[in-house]
Amino acid sequence: MEKHYTLITGASMGIGRALAEECAQRGRNVLLVALDGPELHAAASEIAQKYGVAAQPFGIDLTAPDAPLKVYSWCQENEYSVDILINNAGFGRGDILNKIPLGVYQTMLRLNNQVMFEMTYHFLPHLKQLDKAYILNTSSMEGLMPMPFKTAYTSTKHFVTAFSLSLREELADTGVSVSALCPGPVVTNEDGLKRIQRSGRKAKLVVMYPNQVAPVALNGLFRGKRIIIPGVMNQIMILLNNALPLALRMRLLRKIGAGVIPKEEAPRENSTL
Ligand SMILES: NC(=O)c1ccc[n+]([C@@H]2O[C@H](COP(=O)([O-])OP(=O)(O)OC[C@H]3O[C@@H](n4cnc5c(N)ncnc54)[C@H](OP(=O)(O)O)[C@@H]3O)[C@@H](O)[C@H]2O)c1
């Protein structure tokens with residue numbers, strides 16, 4: 001059996017769960033990290049049973065102080081050698097900035113950015129000792145184009161993208177390859193489904209499911225891609241977006257962003273940015 005492990009944060013459901021399944025299907029042992037609860041433990045035992053690999057759960061609130069260090073210590077104590085680190089746990093909220101309580105933003109910034117940073121910081125010395133190792137950070141298409149009305153989320157995801165690109169170059173002379181996964185909308189829960197329904201017909205063209213994203217993500221990771229954008233429509237959107245002048249691009253993105261918040265709260269077309 002493969003002696004190394006792939007560690008995935010946010011692995012109890014959604015994209016993280018699909019990534020864990022995809023790794024297991026490829027014969028890799030997995031370490032599943034998420035909030036403690038029955039879903040996490042069920043995910044680990046189902047994966048172990050279905051794919052015949054080792055699948056260990058670790059329940060923890062990653063936003064708690066020192067949680068990333070506790071995850072690292074758990075691996076050390078159990079002699080789990082991690083050769084693929086997948087920083088996936090994260091969440092987003094969209095609305096007019098002050099409509100969302102500050103505490104939600106504080107948790108978002110901690111989970112999406114600080115936790116990813118600290119996990120990488122703790123695991124990197126071990127990863128660098130291996131002949132080949134990988135880091136996959138789940139960003140978003142919104143980590144490539146600033147999305148108005150999701151200002152905090154899009155900013156956290158730009159951090160993830162920039163962190164991944166910079167670290168990758170820093171590690172160019174090592175065996176560690178870093179990639180940023182930038183999915184478009186992915187249906188992972190009821191809320192996501194409602195958000196996509198509010199976004200209209202065009203958004204539905206780019207919607208994907210976690211089990212479509214995961215194989216593309218791992219193929220891209222093993223090919224050493226810098227940025228992995230699942231879905232041809234999403235790739236075209238990013239190309240078009242990059243080709244437009246900034247002011248026009250931001251006006252279009254403003255329209256898209258405004259379409260996602262509830263209608264009565266959407267700003268008038270002629271209001272200023
Ligand atoms: N869905 C999309 O449309 C989309 C698009 C682009 C990028 N992304 C990014 O993809 C990643 C995964 O998103 P998703 O939609 O798959 O999420 P999801 O279905 O909501 O799953 C989130 C996972 O993170 C875990 N988690 C949440 N808070 C945690 C905490 N404080 N400590 C430990 N674990 C925690 C959850 O654990 P529990 O199960 O225990 O709650 C769950 O396993 C995120 O970084 C997100 O920003 C998502």
Side-chain angles (χ1 to χ4, degrees), residues 1-91 106-138 160 163-164 167 171 174-179 181 214 217-218 221:
M1 189 187 268
E2 166 68 45
K3 66 180 174 134
H4 293 300
Y5 286 78
T6 300
L7 188 150
I8 306 122
T9 65
S12 64
M13 58 166 116
I15 298 170
R17 166 80 194 247
L19 287 168
E21 293 247 2
E22 186 65 29
C23 288
Q25 202 172 0
R26 297 177 189 217
R28 295 179 177 270
N29 300 317
V30 286
L31 302 173
L32 279 61
V33 179
L35 291 168
D36 208 4
E39 282 100 349
L40 173 64
H41 293 270
S45 43
E46 279 167 31
I47 287 173
Q49 213 170 17
K50 196 166 163 192
Y51 302 104
V53 296
Q56 303 295 344
F58 187 64
I60 190 165
D61 179 354
L62 281 167
T63 63
D66 287 337
L69 183 58
K70 284 182 185 148
V71 177
Y72 178 71
S73 305
W74 171 68
C75 292
Q76 292 279 94
E77 282 154 22
N78 291 286
E79 298 184 355
Y80 299 141
S81 168
V82 172
D83 67 340
I84 306 178
L85 173 65
I86 303 185
N87 290 305
N88 166 77
F91 74 95
Q106 286 167 331
T107 308
M108 192 194 296
L109 272 102
R110 167 109 188 107
L111 187 63
N112 295 10
N113 292 156
Q114 278 185 312
V115 168
M116 177 208 59
F117 182 88
E118 289 178 27
M119 288 289 293
T120 307
Y121 186 90
H122 294 309
F123 279 93
L124 199 49
H126 170 75
L127 295 173
K128 280 163 99 170
Q129 283 170 11
L130 304 175
D131 290 340
K132 193 68 217 157
Y134 299 89
I135 299 174
L136 179 67
N137 294 322
T138 306
V160 175
F163 176 79
S164 307
L167 184 64
L171 296 174
T174 75
V176 188
S177 179
V178 186
S179 302
L181 172 63
L218 287 194
L221 181 70

Under the side-chain contact (heavy atoms from CB on, under 4.5 Å) rule, what do Leu171 and Leu124 come out as? Steps first, then yes or no, please. CA-CA 10 Å; Leu171 296 174; Leu124 199 49; 3.8 Å; yes
Spatial distance of atom [atom1] ([X]) from atom [atom2] ([Y]) [nearest 0.5 Å]:
X: Leu111; Y: Asp61; atom1: CG; atom2: CG; result: 8.0 Å
X: Thr107; Y: Leu62; atom1: OG1; atom2: CG; result: 12.5 Å
X: Ile86; Y: Leu218; atom1: CD1; atom2: CG; result: 5.5 Å
X: Ile135; Y: Leu221; atom1: CD1; atom2: CG; result: 10.0 Å
X: Leu40; Y: Arg17; atom1: CG; atom2: CZ; result: 10.0 Å
X: Glu118; Y: Asn87; atom1: CD; atom2: CG; result: 11.0 Å

Check this for me: [X], atom [atom1], are more than 12 non-hydrogen atoms of other residues, nucleotides or ligands nearer than 6.0 Å?
X: Phe117; atom1: CZ; result: no
X: Lys128; atom1: NZ; result: no
X: Phe91; atom1: CZ; result: yes

Is the shortest side-chain heavy-atom distance between Gln25 and Glu22 below 4.5 Å?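 Yes, at least one pair of side-chain atoms sits under 4.5 Å.
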Could you tell me which non-hydrogen atom of [X] sits nearest to which non-hydrogen atom of [Y], and how far apart they are?
X: Ser81; Y: His126; value: OG-NE2, 3.1 Å
X: Ile47; Y: Ala20; value: CD1-CB, 3.8 Å
X: Leu32; Y: Ala44; value: CD2-N, 3.8 Å
X: Ala11; Y: Ala34; value: N-CB, 4.1 Å
X: Ala89; Y: Gly10; value: CB-N, 3.7 Å

Side-chain polar contacts of residues 50-59 - donor-acceptor pairs under 3.5 angstrom, sequence neighbours left out - could you list them?
from	atom 1	to	atom 2	distance (Å)
Tyr51	OH	Glu21	OE1	2.6

Can I get a per-line list of side-chain donor-acceptor pairs under 3.5 Å for residues 67-79, giving both atom names and the distance, sequence neighbours left out?
from	atom 1	to	atom 2	distance (Å)
Tyr72	OH	Gln76	OE1	3.4
Ser73	OG	Leu69	O	2.9
Asn78	ND2	Trp74	O	2.8

Could you go step by step and tell me if Thr138 and Val160 meet the side-chain contact (heavy atoms from CB on, under 4.5 Å) rule? CA-CA 7 Å; Thr138 306; Val160 175; over 6 Å; no
Scan Leu7, Thr6, Ile84 and name whichever one has a side-chain contact (heavy atoms from CB on, under 4.5 Å) with Leu31.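 The single option meeting the side-chain contact (heavy atoms from CB on, under 4.5 Å) with Leu31 is Leu7.
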[X] side-chain N/O to [Y] backbone N/O, donor-acceptor pair under 3.5 Å:
X: Asp83; Y: Ala133; answer: no
X: Asn88; Y: Thr9; answer: yes
X: Ser12; Y: Glu39; answer: no

Does the pair Leu130 and His4 meet the rule for a side-chain contact (heavy atoms from CB on, under 4.5 Å), with working shown? CA-CA 10 Å; Leu130 304 175; His4 293 300; 4.0 Å; yes
